[in-house]
*Asks:* 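Before we start, here is the structure in question, set down as structure tokens.
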Amino acid sequence: MSIAENLKSIESGLNDQTTLVAVSKTHPVKLIREAYDAGQRDFGENKVQELCDKQPQLPEDIRWHLIGHLQTNKVKYIAPFVHLIHAVDSLRLLSEINKRAANCNRVIGCLLQIHIAKEETKFGLSEEEALSLLSDQALDDMAHVSIKGLMGMATFTNDEDQVAREFNGLKQFYDTLKTAVNHKIWQPEILSMGMSGDYLIAQANGSTMVRVGSAIFGNRNYH
């Protein structure tokens, strides 16, 4: 099927409360343009250099999501235009985003990445670390970031029950934080869970944003 047909097929399974982020990492500009022409506006990249290369070549109304692990020394390159940073996993990174956003006279939306998988290779905060970050006094001086919610990646496994449990656990933690944390920087409206292989399970467990790549663009074989 074409990219437009893939998008239509995926969107038909999503409810009105779920935002689809098309993961365009490693895919060429021409395919992103094809998805854009089909009506897609949210695109996700996981490498800063690739995002900075693509952004000037594409329409300005695209909402760019940085979905990969972000190093503090790379924040300055995306601060002028990034829409949402999905993988904030430290107070130090959040502080750097605030600093660079201030330089651009912007408020940048962020998600805290929570470690929910049974794999050691994935980044993310524990629930205790997230609570500690959200109660840190340093947040009082951050006027140029807005923590819009949480993001998590489930274990890469065929066990759908395990995946569902991990997503459900993050949803419960998200709901707890929504009422437990009272800070101007905490403006929860997004729970980003689910990728090409598990986005329907994620949606069933409360996800409001899914990140889908191969199911839209096909396998990455451009390099």
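Positions are given from 1 along the sequence.
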*Asks:* What pairs of residues pass the side-chain hydrogen bond (donor to acceptor under 3.5 Å, both in side chains) test when at least one of them lies in residues 97-111, not counting sequence neighbours?
*Replies:*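 Non-adjacent pairs meeting side-chain hydrogen bond (donor to acceptor under 3.5 Å, both in side chains): E96-R100.
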
*Asks:* Just jot down the ring-ring contact (aromatic ring centres under 6.0 Å, His included) partners of H69, sequence neighbours excluded, or say none.
*Replies:*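 If we apply the ring-ring contact (aromatic ring centres under 6.0 Å, His included) test to H69, skipping adjacent residues, the hits are F123.
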
*Asks:* Considering only heavy atoms from C-beta outward, does the side chain of M193 approach that of L191 to under 4.5 Å?
*Replies:*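 Yes, close enough: below the 4.5 Å cut-off.
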
*Asks:* Would you check if the side chain of K54 reaches a backbone N or O of H27 as a donor-acceptor pair within less than 3.5 Å?
*Replies:*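 Side chain of K54 to backbone of H27: a pair is present.
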
*Asks:* Would you compute the distance between atom OG1 of T208 and atom CG of L14 and round it to the nearest 0.5 angstrom?
*Replies:*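 T208 OG1 to L14 CG: 11.5 Å, rounded to 0.5 Å.
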
*Asks:* Going by ring-ring contact (aromatic ring centres under 6.0 Å, His included), name the residues that satisfy it together with H65, two or more places apart in sequence or in a different chain.
*Replies:*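 ring-ring contact (aromatic ring centres under 6.0 Å, His included) list for H65, sorted by chain: H83, H86.
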
*Asks:* Who are the side chain to side chain donor-acceptor pair (under 3.5 Å) partners of E127, not counting sequence neighbours?
*Replies:*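 Result, side chain to side chain donor-acceptor pair (under 3.5 Å) vs E127: none returned.
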
*Asks:* Throw together a table of side-chain donor-acceptor distances under 3.5 angstrom for residues 178-185, partners on residues two or more places apart or in other chains.
*Replies:*
unit_1: T179; atom_1: OG1; unit_2: T176; atom_2: O; d: 3.2
unit_1: H183; atom_1: ND1; unit_2: I185; atom_2: N; d: 3.1
unit_1: H183; atom_1: NE2; unit_2: D140; atom_2: OD1; d: 2.7

*Asks:* Are I147 and L111 packed together at the side-chain level, in the sense that at least one heavy-atom pair is separated by less than 4.5 angstrom?
*Replies:*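 No - every pair of side-chain heavy atoms lies 4.5 Å or more apart.
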
*Asks:* Just how far is it from atom OH of Y77 to atom CG of L70, taken to the nearest 0.5 Å?
*Replies:*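 If we round to the nearest 0.5 Å, Y77:OH and L70:CG are 12.0 Å apart.
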
*Asks:* To the nearest 0.5 Å, what is the distance between CZ on R211 and CD1 on I216?
*Replies:*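 That separation rounds to 12.5 Å.
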
*Asks:* Measuring from D53:CG to E45:CD, what's the distance to the nearest 0.5 Å?
*Replies:*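 Result: 9.5 Å between the selected atoms.
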
*Asks:* So how far is it from Y36 OH to L58 CG, rounded to the nearest 0.5 Å?
*Replies:*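 It comes to 9.0 Å.
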
*Asks:* Which residues pass the salt bridge (Lys or Arg N to Asp or Glu O under 4.0 Å) test with R41, sequence neighbours left out?
*Replies:*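 Salt bridge (Lys or Arg N to Asp or Glu O under 4.0 Å) check on R41 returns D61.
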
*Asks:* Please determine whether a side-chain nitrogen of the Lys or Arg among K25 and E50 lies less than 4.0 Å from a carboxylate oxygen of the Asp or Glu.
*Replies:*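 Salt bridge between K25 and E50, a charged N being under 4.0 Å from a carboxylate O: no.
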
*Asks:* Would you check if D89 and L112 make a side-chain contact, meaning some heavy-atom pair closer than 4.5 Å?
*Replies:*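 No, side chains not in contact.
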
